[in-house]
Amino acid sequence: MTEKQKLLLIDGNSITFRGFYALFMQTERFVNHDGLHTSAVFSFKRMLDKILDDVNPDKILVAFDAGKKTFRTEKYSDYKAGRKKTPEELSEQFPYVKKLLDCYGIKHYELKNYEADDIIGTMSKEAEKHGYETTIVTGDRDLTQLVTNQTTVALTVKGVTEIEYYTPNHLSEKLGISPSQITDLKGLAGDTSDNYPGVSKVGEKTALKLLNQYGTIENLYEHIDEFKKSKMKEHLIEDKEIALTCKNLATIRRDAPLEIGLADIDFAGKDIEKLREFYQSMDFHKFLSELNDKKSEEVSNEEELPSIVELTFENIDGQRLNADNASFYLELADENYHTSPFWGFALLTDGQCYVSKDVSLLKREPLREFLENKNKTLDVFDGKKTYVSLKRLGIEAESIDFDLLLVSYLLNNTDNSNDLGQLCQKQGYFGVKSDDEVYGKGAKKEICADETFFEHLRSKVFAIAFLKQKLMQKLKDNSQDHLYFEIERPLSIVLAKMEIAGIKADKETLETMGSRFKEKISDLESLIYQEAGETFNINSPKQLGMILFDKLGLPGAKKTKTGYSTAVGVLEKLRGNDIVDNVLLYRQFAKLKSTYIDGLIKVMDQDEKVHTRYTQTLTTTGRLSSVEPNLQNIPVRLEEGRKIRQAFIPSHQGWEIFSSDYSQIELRVLAHISKDENMQKAFKDDFDIHANTAMKIFGLSSPDEVTPNMRRQAKAVNFGIVYGISDFGLAQSIGCRRDQAKTFMETYFESFPGVKRYMTEIVELARNQGYVETLFKRRRYLEGIRSKNFNQRSFAERTAMNTPIQGSAADIIKVAMIKMQETLEKEELKARMLLQVHDELIFEAPEEEIPVLEKLVPSVMDSAVKLDVPLKVESGHGKTWFDTK
DNA sequence: CTCATCACG
DNA sequence: ACGTACGTGATGAGC
């Protein structure tokens, strides 16, 4: 029996477009010696390799559009009319994509009056008839209408190498419809990119609902009389013609008069010599060396890459390191650098790459001297990780010059990867493989053979050195050097020291609380089972939902994707019902037990200390985050949970925990950047800011008239303002009607015109420049700010309003932390800074130092940055974290 | 591995 | 009409 023949069909236009836009930011980097742009060709080649590897086809055809005019434009003159003109940088690349295909031995084809889709549709029909297994590659979801059990559509999701495979099953899971209904979907919902409108006011959601009920557009119109009188019904009737035309336009033709057939598209295989010439003309050096590598081992990258010197116990003494800068990389077995085994290191200096798996060599000369010498600098990837790891070996390497991870995060914090290989790719350097690829993923991760391992390490240190100049220059261009040199880089060492110090957690306290919770949980469990009349898993939202809403028939069922929602918001409305009340209590205790009691005990070291890791390069706003354990979300709002804080204690007898936090830092930042006079005045006079807002929005003349409920609502309004407000969101949070929320907002903006002006201007600015900045020039690019999609755009607009506020507050506390650490060291205090929780700093100190801290910490914090309004800091101290309030 | 839930600022 | 607050991380279920 022979295996099924495999056919690969590629939508050449779509993939070339995708490839171009995937590297859009890099367009000007991809220019060859003749001034030709090459980014799309480059991407296409990478996609091709990936898909060839995945599919291993016998036959391939790449289809292109023949030109602008097709039978579709004749039928419908506005077809694709809204599209922007293809940029010259892209259109000039099409001939070269085709040339690449020629070199690969792949047939390409275009047909006058037809689009690439139709060629693919026709060819795949032919292939099904002959029993082929077909894969269609495209970036256009329309093509999924061709999916069958023999034909799969590989849709590029992000860029061109990340691919989602559509089978009939997958389609039905994703959209709940069959392939043939794709055209009905397009008919109803339209397609903005092709500029056909669909039925007015019907978007994808509505269309899917209708299709679920009626199957096809035609059937829907048969039953149109059964519709209740509604706006939607009117629109459907009104736009019937449009819907049918659009469906027709979206329908891929499967009878195009092709002049070629399956017999003409055998995959001939690459012509290495032609490819070599082609890569040379494109200046694709990396692909060239790939070719060479494959052809013969002796043609290596020797000219480009430094040679590897493996250090050993025997040869280390003879080494001399004369330069005063090196790239250094330490490889660990797992992510937790406080505890992970060491795998090895690489040090690149003076054109030599020293490597070893034996990290104890780092303690020997000349390496130790090099790492610790304050006059010699290191370039690294993740300085904090490097510092902490080396500290475990007794080495203090504080003089870091370039930190690739940190710099690239500052340049662009939207999906900044923590994988060196991936990150380099984003910066346009493709020489480093991803760790997953070299070591394997998850449970299968393991160190590879020495040679591969050392080469991988070499590629990392080389990449660090390679990207240094370029990225540092970009920092300068963005005026972000201050942010890097004065804030983030010193902060990484401060954070490292806090992590190493760790905070002590009292195991006994935790265990006592744990057994108390355990009892409560099992009591509640039996009560719930009794009330439900059966036992089930209360932790399963699925099972719980069925008990509450199906079996017990409680009202207010709300659906999520997978079933009923049983979130607090839903259950809260049913309060008073015994089983619901008990479930809510159960949840509360279960959460405390599993996350905070068991979770904390799990990550304690021998000294009962927990050492979190702050991720400095993750958030899009500039905040830190904290993992293993997360010490930034220890309960505080509910009394029962707050007691967890009693377990956090000083690490020495006679010491206390001391805590200081900024009061309303985000609103103060807003008052500063918006320059709103009323708001600034409120802070300058040290008013209760929420009460002040309440007075304004309720039109009161004296603070005495503010009721607690008014203050609560005003507080929600203030939060809403910071988040980038919407009337819906506000109504939700204070539980009022939407129009009422809207009135609140309008009154608010009348009272604080400066804030309104800020909101308008920041969105405008974001739209113009594509990003927003914080006080210290931290940047956030806003992908969707110019999007035609309402949701994407609205989200980007709220983000534009929120990021400068949240981000500047993050900047400020970072500055304070650096100054704080400096002061503690200079004053030779025993006190140590342990934690940061966004607007709060937590210390431990000997009792006798507490009076000192009470003055010192607030003064350092409130003078960290000079704003138009004062910063206010509140402090507390006690035997445990719980007692600091 | 993704989802729902819930802890924090 | 669209479908909603902004940032995070850990857990247990259920595929």
Side-chain angles (χ1 to χ4, degrees), chain A residues 173 189 199-206 231-232 235 413 441-442 536-545 560-571 583-584 587-596 598-600 602-603 612-615 618-638 641-642 644-645 661-662 664-666 716-717 719-734 738 741 745 780 788-807 809-810 813 835-840:
Chain A
E173 271 164 30
V199 176
S200 317
K201 314 293 178 200
V202 171
E204 184 166 301
K205 286 265 150 75
T206 320
K231 272 269 175 295
M232 185 169 79
H235 289 308
N413 54 26
K441 245 210 280 236
F536 65 100
N537 187 343
I538 309 169
N539 285 319
S540 158
K542 197 176 159 189
Q543 296 181 30
L544 179 63
T560 66
K561 268 182 251 175
T562 47
Y564 296 116
S565 166
T566 63
V568 256
V570 177
L571 298 192
V583 166
L584 285 168
R587 284 243 179 100
Q588 203 189 321
F589 288 114
K591 174 85 179 180
L592 292 175
K593 176 88 168 44
S594 68
T595 305
Y596 297 105
D598 301 344
L600 278 172
K602 229 182 287 172
V603 293
T612 186
R613 284 165 4 249
Y614 290 103
T615 33
L618 182 142
T619 69
T620 44
T621 53
R623 275 191 174 182
L624 301 174
S625 86
S626 153
V627 293
E628 256 188 285
N630 180 356
L631 291 178
Q632 292 182 319
N633 72 346
I634 303 300
V636 66
R637 297 202 251 244
L638 297 175
R642 193 179 193 145
I644 301 278
R645 293 179 176 222
D661 65 278
Y662 283 112
Q664 267 108 30
I665 189 167
E666 293 191 344
V717 172
F719 270 100
I721 295 295
V722 169
Y723 292 154
I725 197 144
S726 80
D727 52 1
F728 183 96
L730 181 60
Q732 184 97 48
S733 104
I734 55 183
R738 198 166 159 172
M745 280 164 55
R780 177 164 181 187
K788 286 194 193 118
N789 178 304
F790 177 89
N791 288 325
Q792 284 178 18
R793 194 180 61 247
S794 303
F795 178 68
E797 287 172 358
R798 290 197 297 272
T799 314
M801 300 184 238
N802 171 265
T803 297
I805 303 172
Q806 193 181 117
I813 196 166
L835 303 176
Q836 186 251 45
V837 192
H838 309 306
D839 60 1
E840 181 183 11

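Note on naming: letters A, B, ... go to the chains in the order of the sequence lines (proteins, then strands), and numbering restarts at 1 for each one. A quick note: this is a predicted structure, and the numbers were derived from the prediction, not measured. Side chains included, hydrogens not; waters and symmetry mates left out as well; all remaining heavy atoms used.
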Per [X] side chain, nearest of listed nucleotides [options]:
X: A:Asn537; options: B:dA7, C:dC2, C:dA13; result: C:dA13
X: A:Asn791; options: B:dC6, C:dC2, B:dG9; result: C:dC2
X: A:Asn539; options: C:dC15, B:dC8, C:dA13; result: C:dA13
X: A:Asn630; options: C:dC2, C:dG9, C:dT8; result: C:dG9
X: A:Phe790; options: B:dT5, C:dG3, B:dA7; result: C:dG3
X: A:Thr619; options: C:dC2, C:dT8, C:dT4; result: C:dT8
X: A:Phe728; options: C:dT4, B:dA7, C:dG9; result: C:dT4
X: A:Lys591; options: B:dC6, B:dT5, B:dC8; result: B:dC6
X: A:Leu730; options: C:dA5, C:dC15, C:dA10; result: C:dA5

With respect to the phosphate group of [N], does any side-chain polar atom (N or O) of [X] fall under 4.0 Å of OP1 or OP2?
X: A:Thr799; N: C:dC6; result: no
X: A:Thr620; N: C:dT8; result: yes
X: A:Ser565; N: B:dT5; result: yes
X: A:Arg637; N: B:dC8; result: yes
X: A:Lys593; N: C:dT11; result: no
X: A:Thr566; N: B:dT5; result: yes
X: A:Ser594; N: C:dA10; result: no
X: A:Gln792; N: C:dC2; result: no

Under 4.0 Å between any heavy atoms, over every strand shown, what does [X] touch: base, sugar-phosphate, or nothing? Just pick one.
X: A:Gln732; answer: nothing
X: A:Asp727; answer: nothing
X: A:Arg587; answer: sugar-phosphate
X: A:Ala716; answer: base
X: A:Gly720; answer: base
X: A:Arg738; answer: base
X: A:Asn633; answer: base
X: A:Glu628; answer: sugar-phosphate
X: A:Ile805; answer: nothing
X: A:Ser540; answer: sugar-phosphate
X: A:Val568; answer: sugar-phosphate

Should the side chain of [X] and the base of [N] be counted as holding a donor-acceptor pair, with the cut-off at 3.5 Å?
X: A:Ser726; N: C:dT4; value: yes
X: A:Ser733; N: C:dA5; value: yes
X: A:Gln632; N: B:dC8; value: no

To the nearest 0.5 Å, what is the distance between [atom1] ([X]) and [atom2] ([Y])?
X: A:Leu544; Y: A:Lys542; atom1: CG; atom2: NZ; result: 13.0 Å
X: A:Gln806; Y: A:Arg623; atom1: CD; atom2: CZ; result: 4.0 Å
X: A:Leu638; Y: A:Ile644; atom1: CG; atom2: CD1; result: 11.5 Å
X: A:Leu600; Y: A:Leu631; atom1: CG; atom2: CG; result: 7.0 Å

Whole-Å distance between [N] [atom2] and [X] [atom1]?
X: A:Ile634; N: B:dC6; atom1: CD1; atom2: C1'; result: 13 Å
X: A:Gln806; N: B:dG9; atom1: CD; atom2: C1'; result: 8 Å
X: A:His838; N: B:dC8; atom1: NE2; atom2: P; result: 12 Å
X: A:Arg798; N: C:dG3; atom1: CZ; atom2: C1'; result: 9 Å
X: A:Leu631; N: C:dT8; atom1: CG; atom2: P; result: 18 Å
X: A:Asp661; N: B:dC8; atom1: CG; atom2: P; result: 15 Å
X: A:Leu835; N: B:dA7; atom1: CG; atom2: P; result: 20 Å
X: A:Leu544; N: B:dA4; atom1: CG; atom2: C1'; result: 12 Å

Please tell me which of A:Leu624 and A:Ala731 maps to the more 5' nucleotide of DNA chain C, matching each residue to the nucleotide holding its nearest heavy atom.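 First, find each residue's nearest nucleotide; the 5'-ward one identifies A:Ala731.
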Only pairs with both distances under 3.5 Å count, Watson-Crick or wobble alike; so what is the partner of B:dC1 in this structure?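 Pair assignment: B:dC1 / C:dG14.
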Any-strand Watson-Crick or G-U partner of C:dA1, both distances under 3.5 Å: none
C1' atoms of B:dA7 and C:dT4, separation to the nearest Å: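 Pairwise C1' distance, B:dA7 against C:dT4, rounds to 22 Å.
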Evaluate side-chain contact (heavy atoms from CB on, under 4.5 Å) for A:Tyr723 paired with A:Arg798, printing each intermediate quantity in order. CA-CA 7 Å; A:Tyr723 292 154; A:Arg798 290 197 297 272; over 6 Å; no
Any luck finding a side-chain donor-acceptor pair between A:Thr621 and A:Thr803 under 3.5 Å?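 No - no donor-acceptor pair under 3.5 Å links their side chains.
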Scan side-chain atoms only and decide if A:Ser626 and A:Thr612 contain a donor-acceptor pair under the 3.5 Å cut-off.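 A pair is found: one side chain offers a donor N or O, the other an acceptor, under 3.5 Å apart.
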For the CZ atom on A:Phe589, are there more than 12 heavy atoms of other groups (residues, nucleotides or ligands in this structure) within a distance under 6.0 Å?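 For A:Phe589, atom CZ is crowded (more than 12 foreign heavy atoms under 6.0 Å).
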Using the rule side chain to side chain donor-acceptor pair (under 3.5 Å), only one of A:Asn413, A:Thr620, A:Thr619 pairs with A:Arg780; which is it?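 The side chain to side chain donor-acceptor pair (under 3.5 Å) with A:Arg780 is passed solely by A:Thr620 among A:Asn413, A:Thr620, A:Thr619.
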